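Inspection log for the structure reproduced underneath, given as structure tokens.
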2 protein chains.
Amino acid sequence: MATGRTHRPATRSRGIPEATVARLPLYLRALTALSERSVPTVSSEELAAAAGVNSAKLRKDFSYLGSYGTRGVGYDVEYLVYQISRELGLTQDWPVVIVGIGNLGAALANYGGFASRGFRVAALIDADPAMTGKPVAGIAVQHTDELEQIIADNGVSIGVIATPAGAAQQVCDRLVAAGVTSILNFAPTVLSVPDGVDVRKVDLSIELQILAFHEQRKAGEETGTPDEAASAQSAAPADAITPGAAAAAPAPLAPHRAAPGAGTDNGRQGPDGDVPAVMPA
Amino acid sequence: MATGRTHRPATRSRGIPEATVARLPLYLRALTALSERSVPTVSSEELAAAAGVNSAKLRKDFSYLGSYGTRGVGYDVEYLVYQISRELGLTQDWPVVIVGIGNLGAALANYGGFASRGFRVAALIDADPAMTGKPVAGIAVQHTDELEQIIADNGVSIGVIATPAGAAQQVCDRLVAAGVTSILNFAPTVLSVPDGVDVRKVDLSIELQILAFHEQRKAGEETGTPDEAASAQSAAPADAITPGAAAAAPAPLAPHRAAPGAGTDNGRQGPDGDVPAVMPA
DNA sequence: CTATGTGAAAGCATTCACAGCG
DNA sequence: CGCTGTGAATGCTTTCACATAG
């Protein structure tokens, strides 16, 4: 784990702000669609609408790439597709490995959008010997023992981790040791990686929780209390997910502000169970 | 589509900054792990490390929730778990529907972390009649025709879209019309929703593209040119993914700055193929 | 006269650093 | 005396609004 740095790409990225980089794929997608419909040019306004951002932002983003538009006209679709692709490094082929061929890993392997943008699934790797040799998405699954060899043979620098949480760090360490420098992590764990390695994570559960937060606020406003709402609208049947461990509403260490709002809801809290899809075992 | 507002939650969220909200699930996960190990208290430093953020950020985040810590000691794990759960609205049960039971949809249905945090899969919906009645993750798939009824019967306010891109907007419109106000979108499309509806998206391809961008930069630095790099290191065999449409390096509309760096790489560009996993058809 | 490109202003988020509570 | 909670400083991102190229 060395310096123990975690997450977030190296931040500064040669001029182009991170926020802009994150939107380039969006623009590219919109442009690709236009390209397919043989639309020759777009205005910042139109393209922005198609990408779901506002035009000022889009123009500012593009300004970091250079002056690729034509005043009074707009942007040349084909040319922009090319420029953004190049900027993103999609004009080259990126072999990736997927580690952990459970439900999710298999879905990822089958995912069309993967291959369509310069990413090639070079190998599928799983720790379960029973999986070895089985074809998934037309590729034979290989055993974890081969990991280092596969990385080296294929010049893989991007790895996708779709293992259970418990195995993720270990897999990550091996990937990194074998030369992988970018990791897309689907396991619900924080990965420690040395400097120079980028990790991006995708966590379904987190996304849902963020939605739930806003959803709760909506419900709260609706019910009246337009402010410190939190009025636990117990519309849904209060069947706790799992009656496990920690009982309801634990008492604070010190008598801080007592839990506001309509108190005693059920202190839901299940055993972590954090595992992306089915386990490879 | 009404006002045609798109993406990003309603922004302002009653005091708590959006960035903080997005980190609460992370803290919760770390805390839950501690709770399972029966750790009674944590310092901001320890918890921050476990969640992969720095301690100052964590303390600032928690300060928005209230003063839940004890100076000189730290935070009470159980109490914090409860407070954050409540803040996120996880003390109640959230029924969700998953629309589009292809590869990805099925993986999502099987995803353990789903149910473990207050989210209950109320129904699986697919447009393919051949899927109807089939059990996936122990739940019988229902046909799209039933969508409105299912939403109403179960009081669903959160929907997950895992259909092909082409069907996503239509499904989204139906979900919204039926009363869904939060959507987690896995289809690679920008969804238009009326105000008051939150959309969060998860796009594998986008994440990989962001990684590729940074990866390319790394490769560039390595090879010398520490600045406007873009020196297309053609290590991998230049087998274009799909030799489709648009030829190589289209010419700019006007003679702007000619494409810098080692010019003529292959103008990769396949038929969109944007489909998350297998299609329900 | 239209739509880009961009300084300058405003708004958020992160980090610093330290006062002050237990 | 350690560790939280938080103003103040810094840095990023978004938005505004307009000069300017075509």
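Source: prediction; values computed, not measured. In what follows, every heavy atom counts, from backbone to side chain, and hydrogens, waters and symmetry copies are set aside. Naming convention: chains lettered A, B, ... in sequence-line order (proteins, then strands); numbering from 1 in each chain.
For Leu58(A) and dT6(C), the CG to C1' distance is 14 Å, given to the nearest whole Å. Note: CD (Glu45(A)) to P (dT4(C)) measures 8 Å, nearest angstrom. As rounded to whole Å, 14 Å separates atom P of dT4(C) from atom CG of Asp61(A). Taking atom CD1 of residue Ile16(B) and atom C1' of nucleotide dA13(C), one finds them 15 Å apart after rounding to whole Å. dT4(C) atom P lies 15 Å from atom CG of Leu65(A), rounded to whole Å.
Tested against Glu207(B), the residues Arg117(A), Lys201(A), Arg200(A) include a single salt bridge (charged side-chain N to carboxylate O under 4.0 Å, His left out) partner, Arg200(A).
Regarding contacts with the backbone of dG5(C), a side-chain N or O of Tyr75(A) is found under 4.0 angstrom from either OP1 or OP2. Remark: Ser44(B) is not in phosphate contact with dC3(D), judged by side-chain N or O atoms under 4.0 Å from OP1 or OP2.
A rotation axis mapping the C1' atoms of four pairs onto the next four is fitted at both ends of the helix from dC1(C)-dG22(D) to dG22(C)-dC1(D) over five pairs, and the angle between these axes is 10° to 10 degrees.
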Could you write nucleotides 15-22 of chain D as a row of B, S and -, 5' to 3', where a protein heavy atom under 4.0 Å of any base atom gives B, of only sugar-phosphate atoms gives S, and otherwise -?
B-B-BBBS
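Distance check, rounded to the nearest 0.5 Å: CG of Leu88(B) to CD of Gln216(A) gives 8.0 Å.
For the residue pair Thr181(B)/Glu215(A), the side-chain donor-acceptor check at 3.5 Å is satisfied. Between the side chains of Thr189(B) and Gln169(B), no donor-acceptor pair of N or O atoms lies under 3.5 Å. If you check the side chains of Glu36(B) and Thr32(B), you find no donor sitting under 3.5 Å from an acceptor. Looking only at atom types and distance, the side chain of Arg86(A) has no donor-acceptor partner in the side chain of Thr91(A) under 3.5 Å away.
Nearest nucleotide to the Ser43(A) side chain, out of dT13(D), dG5(D), dT4(C): dT4(C).
Taking the six-membered ring for Trp, Tyr79(B) and Tyr68(B) have ring centres closer than 6.0 Å.
Proximity of a side-chain donor or acceptor of Thr20(A) to a complementary backbone N or O of Ile16(A) within less than 3.5 Å is not detected.
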